[in-house]
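Input: a single structure, listed below in structure tokens.
Quantities reported herein were computed from a predicted structural model and do not represent experimental measurements.
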Amino acid sequence: MLEGLNPQQQAAVTLPAEHALVLAGAGSGKTRVLTTRMAWLIQTGQVGPHGLLAVTFTNKAAREMLTRLSALLPINTRGMWVGTFHGLCNRLLRAHHREAGLPQAFQILDSADQLSAIKRMLKAAGIDDERFPPRDVQRMINSAKEDGLRPGDLDARDSHARRLADLYQRYQDQCEREGVVDFGELLLRAYELLQREAPIREHYQRRFQQILVDEFQDTNVLQYRWLMLLAGAHTPVFAVGDDDQSIYAFRGANVGNMADFEQRHARGRVIRLEQNYRSQGHILDAANALIAHNANRLGKNLWTDAGEGEPLRVVEQASDALEAQWLVDEIRALVREGHPAHEIAILYRSNAQSRPIEHAMFSARVPYRVYGGQRFFERQEVKHVLAYLRLIDNPNDDTSWMRVVNFPTRGIGARTLEQQADMAAQQGTSLAGAVAFVPGKAGASLARFATLIRELAEEARTLDLPELIGHVVHHSGLEAHYRADREGQDRLENLQELVNAAAAFVAEEGFQGLPAARIPETAAIAADAPAGTDPAFGDGGQPSPVVMSPLGAFLSHASLEAGDNQAQAGEDAVQLMTVHAAKGLEFDAVFITGLEEGLFPHENSLLDQGGLEEERRLMYVAITRARRRLTLTLAQSRMLHGQTRYGMRSRFLDEIPEEHLKWITPRQRQVAARPPWSGAFRRGLGDWQGEAGSSFAPRSPRTQSAGVTVGEQCFRIGTGVRHGRFGEGTVVALSGSGADAQARIEFRDAGTKTLALGVAKLEVLD
DNA sequence: TTGTGATGACTTTTT
DNA sequence: GTCATCACAA
């Protein structure tokens with residue numbers, strides 16, 4: 001089992017049962033270490049398959065883990081707690097829904113459902129204020145939950161903040177009434193359940209003797225707390241991650257979890273996997289040199305014995321169209337030389353950049369495949385059917401009610417629905433519960449819809465799930481509606497695909513022949529219960545089934561796994577995707593495009609704390625995708641937002657040492673002046689220059705400005721400063737400019753550190 | 001209920 | 001340039 005592993009990998013796999021952190025660089029065999037560790041733990045008898053808990057971020061990663069594990073060991077992986085944070089929390093909440101304060105058939109809202117629920121809430125609350133756009137409210141609620149905060153925990157320093165907390169509370173109340181939870185709630189509820197209910201917590205703490213976490217750098221505050229709570233005092237956590245590949249801060253990921261875990265739990269038990277099995281020398285050296293510009297790192301240097309390989313090629317074109325054309329010509333040449341197209345990837349920072357590339361590829365008839373399109377369970381026709389199914393499972397799901405009450409149209413207009421919503425508010429019921437209170441013709445059409453749902457629910461007691469879905473498609477009128485629509489053919493095919501997906505799900509989960517709404521005696525998802533202390537937990541610690549019908553289980557599945565989002569599979573095609581989407585993948589030849597200031601690094605990112613460092617990590621991820629051949633391209637002008645913009649060469653190009661670069665087109669002299677659209681940067685400088693106080697960290701590090709460095713403005717060598725954590729010190733060196741400015745500071749007690757002025761909170765001592 | 005034109009936003013994304 | 005949203009007319 002251990003053969004073929006290098007010494008560091010072996011050390012990681014065979015670590016003793018204590019908290020440990022594995023810093024796994026790109027291409028260092030991370031997944032292999034993780035799965036081998038699991039297999040090793042089981043094989044050496046340290047833990048049974050059911051004493052393991054392994055958590056990932058994506059379903060794909062979880063599946064991969066299980067597949068590899070079964071290849072290593074002849075065990076049945078069914079029922080093992082290997083899954084995503086959300087999947088595992090769902091499992092916990094289903095098993096203990098009563099203690100968690102949830103209805104048995106609670107539904108899960110995806111982001112789109114959540115947004116429409118929020119819009120409904122805002123309407124009901126009479127909020128018609130542009131200071132509270134639904135998207136902002138959604139972001140606020142989600143980020144609060146990611147930090148483990150309830151409405152009462154939010155700061156209420158001003159009326160706006162109090163208002164937001166109030167909206168969060170109203171949203172919670174609405175979810176409660178409707179029996180739905182959003183993604184964040186899944187985690188927070190599960191966390192609170194474990195925290196509050198000692199018997200349940202202790203049971204799971206006893207049960208899980210080993211916890212393993214993948215992509216630890218992507219965990220948010222709440223996920224980290226959830227893990228440590230579940231670990232309790234005795235269960236070791238084996239965390240694998242790479243702080244240099246942390247690219248999801250914008251959705252709540254907190255890289256700080258790694259440093260915290262190391263310092264508080266895994267001190268002295270950090271293993272670095274630095275041997276890279278993917279890329280050749282120039283590529284790795286370029287990546288190392290680039291990422292060294294980041295100040296806050298745990299530190300790591302990749303190396304390879306695969307040889308130097310080729311330097312990175314750099315190509316500059318006059319426009320985005322010419323950049324795309326160059327890519328197409330180059331790729332055709334590669335394919336002609338015998339490179340398989342699917343081993344070639346074109347990466348870009350933002351989705352909008354795919355357009356000219358697609359255009360050029362299409363015109364040249366080069367087969368390509370774009371990642372990140374719409375996903376199966378997010379298609380509107382699929383969501384419509386799912387809404388009917390949810391109403392069958394839980395008629396109080398107002399989000400679903402609103403979605404399909406008039407789709408296909410059955411003469412129920414906005415006026416009627418408003419009336420219904422008013423009655424529901426008055427009676428304190430769901431929309432379904434308010435039907436009887438709506439008078440007249442409007443009430444009659446609502447009643448007809450309610451009857452339809454009731455009848456379908458009745459069918460669900462005899463038909464199996466695929467049959468039920470076919471039945472719903474027909475009797476809801478969706479079938480006729482799409483048949484009448486000229487472009488409805490594809491949609492009908494997708495609905496047939498949904499029936500097939502349900503059939504596959506039913507077979508997979510052992511629900512064959514069972515009526516869709518029937519709760520089976522031996523449920524698919526085994527949870528277990530604390531040893532016989534409480535009758536609610538069942539039978540003395542034996543795995544007890546989670547009460548879920550095929551319908552309920554399928555709806556959870558549809559929410560938690562949105563399905564494939566890859567376009568035309570199969571064909572040998574060039575791969576087009578964002579850098580984010582490329583994480584975890586590798587290709588023989590990689591093209592990183594649009595290396596221009598404002599695009600990569602993206603101008604918006606410079607507004608965020610640590611934004612530039614995250615962009616640099618993104619570039620690091622992009623570079624390390626390539627095995628043998630890496631090409632960086634840029635365009636002098638680019639169509640963006642309907643305007644032609646002229647960008648400067650990305651600073652990332654200048655951060656890679658010349659010896660690793662080979663300019664294919666002549667290297668242009670950098671233009672002195674910033675293009676007009678970077679005016680925001682200049683404004684930023686004024687902002688914080690004018691700020692009185694003594695904090696020299698700009699409110700936002702958007703301080704890029706032609707020819708002026710932060711150091712010249714505000715710091716001089718020899719300046720005395722104070723830092724929150726490191727204490728007092730003296731500036732000994734300055735480097736970089738603008739948002740990238742760094743100061744080397746000799747602290748009296750904490751040693752010498754290099755800090756990014758855009759990030760570090762420094763106070764100047766007079 | 002449905003269609004039209006004006007308006008404004010526009011990085012990345014899994015669950 | 002493109003897409004979503006929204007107010008208002010037919």
Between [N] ([atom2]) and [X] ([atom1]): distance, integer Å:
{"X": "A/D214", "N": "B/dT15", "atom1": "CG", "atom2": "C1'", "answer": "15 Å"}
{"X": "A/E561", "N": "B/dT14", "atom1": "CD", "atom2": "C1'", "answer": "11 Å"}
{"X": "A/L560", "N": "B/dT13", "atom1": "CG", "atom2": "C1'", "answer": "16 Å"}
{"X": "A/L640", "N": "B/dT11", "atom1": "CG", "atom2": "P", "answer": "9 Å"}
{"X": "A/E613", "N": "B/dT12", "atom1": "CD", "atom2": "C1'", "answer": "18 Å"}
{"X": "A/H641", "N": "B/dG8", "atom1": "NE2", "atom2": "P", "answer": "16 Å"}
{"X": "A/D320", "N": "C/dG1", "atom1": "CG", "atom2": "C1'", "answer": "12 Å"}
{"X": "A/Y371", "N": "B/dT13", "atom1": "OH", "atom2": "C1'", "answer": "16 Å"}

Starting from the 5' end of DNA chain B, give me the residue, A/T84 or A/A352, whose nearest nucleotide shows up first.
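Result of the comparison: A/A352.
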DNA chain B: A/G411 or A/G87, which has the more 5' nearest nucleotide?
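Final value for this comparison: A/G411.
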Heavy-atom donor-acceptor pair, A/S111 side-chain to B/dT13 base, under 3.5 Å:
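For A/S111, whose side chain was compared with the base of B/dT13, there is no donor-acceptor pair (under 3.5 Å).
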Consider side-chain hydrogen bond (donor to acceptor under 3.5 Å, both in side chains). Of A/R649, A/R645, A/R638, which one does A/E596 pass it with?
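One option only clears the test, and that one is A/R638.
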Categorize [X] for me: base, sugar-phosphate, or nothing, with a 4.0 angstrom heavy-atom threshold over every strand shown.
{"X": "A/F57", "value": "sugar-phosphate"}
{"X": "A/N351", "value": "sugar-phosphate"}
{"X": "A/L88", "value": "nothing"}
{"X": "A/F85", "value": "nothing"}
{"X": "A/N59", "value": "sugar-phosphate"}

Are [X] and [Y] within salt-bridge range, i.e. N to O under 4.0 Å?
{"X": "A/K30", "Y": "A/D214", "value": "yes"}
{"X": "A/K60", "Y": "A/E64", "value": "no"}
{"X": "A/E479", "Y": "A/R483", "value": "yes"}

So, OP1 or OP2 of [N]: does either fall under 4.0 Å of a side-chain N or O from [X]?
{"X": "A/S350", "N": "B/dC10", "answer": "no"}
{"X": "A/R251", "N": "B/dT11", "answer": "no"}
{"X": "A/N406", "N": "B/dT1", "answer": "yes"}
{"X": "A/N220", "N": "B/dT15", "answer": "no"}

Where the side chain of [X] is defined as all heavy atoms beyond and including C-beta, which of [options] is the nearest nucleotide?
{"X": "A/R355", "options": "B/dT2, C/dT2, B/dT13", "value": "C/dT2"}
{"X": "A/M639", "options": "B/dT13, C/dG1, B/dT11", "value": "C/dG1"}
{"X": "A/N604", "options": "B/dT11, B/dT13, B/dT15", "value": "B/dT11"}
{"X": "A/T578", "options": "B/dT13, B/dT14, C/dT5", "value": "B/dT13"}
{"X": "A/T58", "options": "B/dT11, B/dT13, B/dT14", "value": "B/dT14"}

Just to verify, which of A/W226, A/F183, A/F57 counts as forming a ring pair (Phe, Tyr, Trp, His ring centres under 6.0 Å) with A/H86?
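It is A/F183; the other options fail the test.
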Would you say the side chains of A/D182 and A/Q114 form a donor-acceptor pair under 3.5 Å?
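Checked: A/D182/A/Q114 side chains pair up, N/O donor to acceptor below 3.5 Å.
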Would you check if A/H580 stacks with the base of B/dT12, given a 5.5 Å centroid limit and a 30° plane limit, both strict?
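Ring-base stacking flag not set for A/H580 and B/dT12.
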